[in-house]
Amino acid sequence: MTRSKWQDCEMRIFTLANKKDELDMEQRSMANLLSKFRIDYDDVIVIPEVIRKPSPSSRADFDALIEKFKTSEDDVSDGVMLTEAELVSQNEKTNRHIRLRETLLENSMDANLIVM
């Protein structure tokens with residue numbers, strides 16, 4: 001791909017915030033970092049609610065997706081199957097990824113290219 005194909009595209013940068021009261025500072029910090037690397041951008045969007053639980057419908061979609069990979073504790077042979085213990089131990093990380101998917105769909109449904 002050549003630069004001419006992408007030069008008129010809108011670039012929105014998403015960043016995660018640790019604390020809800022530091023959104024403005026996070027946005028300025030990211031804008032400063034991008035300018036140091038001479039990266040032109042159209043908008044910096046700070047995502048404050050990534051640790052919030054995903055919607056029940058998103059969680060149900062995920063559960064339906066992994067259903068065929070679930071197995072009992074006794075039947076773990078090839079490392080492809082998921083046990084209940086693994087799902088419980090990775091629950092927080094799973095929720096974060098499902099929440100990121102929701103945010104991505106909310107903000108970039110019409111995007112032609114998404115880089116994470």
Side-chain angles (χ1 to χ4, degrees):
M1 294 283 173
T2 62
R3 180 185 167 107
S4 62
K5 291 187 185 221
W6 301 105
Q7 69 185 8
D8 294 327
C9 292
E10 180 180 315
M11 185 184 323
R12 292 179 296 159
I13 306 296
F14 294 89
T15 184
L16 306 178
N18 294 329
K19 298 178 183 163
K20 202 168 193 166
D21 56 339
E22 296 179 358
L23 298 180
D24 190 45
M25 185 191 73
E26 292 282 345
Q27 186 174 18
R28 282 182 280 145
S29 296
M30 180 55 72
N32 187 26
L33 181 64
L34 292 167
S35 65
K36 282 183 182 179
F37 287 105
R38 298 180 184 167
I39 297 174
D40 294 328
Y41 62 93
D42 293 296
D43 200 8
V44 174
I45 300 167
V46 181
I47 302 170
E49 302 168 336
V50 75
I51 55 177
R52 186 181 70 177
K53 286 195 174 219
S55 69
S57 64
S58 291
R59 186 63 199 209
D61 290 344
F62 174 77
D63 289 338
L65 185 68
I66 65 166
E67 187 62 38
K68 62 184 173 188
F69 297 104
K70 288 183 178 180
T71 187
S72 66
E73 300 287 333
D74 306 336
D75 193 24
V76 179
S77 57
D78 57 4
V80 176
M81 304 305 280
L82 296 167
T83 63
E84 190 62 35
E86 289 173 320
L87 291 172
V88 169
S89 71
Q90 297 296 318
N91 191 43
E92 187 176 324
K93 189 175 185 179
T94 300
N95 284 339
R96 187 175 71 235
H97 284 271
I98 295 171
R99 184 70 187 112
L100 283 173
R101 178 188 177 273
E102 288 177 347
T103 304
L104 183 67
L105 290 174
E106 288 170 13
N107 292 287
S108 300
M109 188 62 125
D110 298 327
N112 292 327
L113 176 67
I114 299 171
V115 179
M116 295 180 74

Next item on the list: Hey, could you give me the CG/CZ distance between Asp61 and Arg59, rounded to the nearest 0.5 Å?
Entry: 11.0 Å
Item checked: Met25 reachable from Ile47 in the ILVMFWY side-chain graph, under 4.5 Å edges -> no
Notebook entry, point to check: Taking a hydrophobic cluster as the set of Ile, Leu, Val, Met, Phe, Trp and Tyr residues connected by side-chain heavy atoms closer than 4.5 Å, whether directly or through intermediates, do Val44 and Leu23 fall within one such cluster?
Noted result: no
Notebook entry, point to check: From Leu87 CG over to Asp63 CG, what is the distance, rounded to the nearest 0.5 angstrom?
Noted result: 8.0 Å
Checklist line | Closest approach of Met81 to Lys70 (non-hydrogen atoms, all atoms of both residues) | finding: CE-O, 3.7 Å
Next item on the list: Give the minimum heavy-atom separation between Ile98 and Ser58, together with the two atoms involved.
Entry: CG2-CB, 3.6 Å
Next item on the list: Enter the distance from Asp43:CG to Asn107:CG here, rounded to the nearest 0.5 Å.
Entry: 9.5 Å
Margin query: Please check: side-chain N/O of Glu22 versus main-chain N/O of Ala17, any donor-acceptor pairing under 3.5 Å?
Written below: no
Check: Taking a hydrophobic cluster as the set of Ile, Leu, Val, Met, Phe, Trp and Tyr residues connected by side-chain heavy atoms closer than 4.5 Å, whether directly or through intermediates, do Val46 and Leu16 fall within one such cluster?
Finding: no
Next item on the list: Supply the members, apart from Met109, of the Ile/Leu/Val/Met/Phe/Trp/Tyr cluster built from side-chain contacts under 4.5 Å; use none for a lone residue.
Entry: Leu105
Checklist line | Ile45 reachable from Met30 in the ILVMFWY side-chain graph, under 4.5 Å edges | finding: no
Note to self: To the nearest 0.5 Å, what is the distance between CZ on Arg96 and CG on Asn91?
What the structure shows: 11.5 Å
Next item on the list: Report, as yes or no, whether the 6.0 Å neighbourhood of atom NZ on Lys53 holds more than 12 heavy atoms from other residues, nucleotides or ligands.
Entry: no
Next item on the list: Count the heavy atoms belonging to other residues, nucleotides or ligands that lie under 6.0 Å from CD of Glu106, then report whether that count exceeds 12.
Entry: yes
Check: Stepwise, does the side chain to side chain donor-acceptor pair (under 3.5 Å) test hold for Glu26 with Thr15?
Finding: CA-CA 8 Å; Glu26 292 282 345; Thr15 184; 4.8 Å; no
Checklist line | Close side-chain approach of Ser108 to Arg12, heavy-atom, < 4.5 Å | finding: yes
Checklist line | Backbone N/O of Ser55 and side chain of Glu102: donor-acceptor pair under 3.5 Å | finding: yes
Notebook entry, point to check: Roughly how far, to the nearest 0.5 Å, is the CZ atom of Arg101 from the CZ atom of Phe62?
Noted result: 11.0 Å
Next item on the list: Kindly work out whether a path of hydrophobic side-chain contacts (I/L/V/M/F/W/Y, heavy atoms less than 4.5 Å apart) joins Leu34 to Met11.
Entry: yes
Check: When rounded to the nearest 0.5 angstrom, what distance separates CD1 in Ile13 from OH in Tyr41?
Finding: 9.0 Å
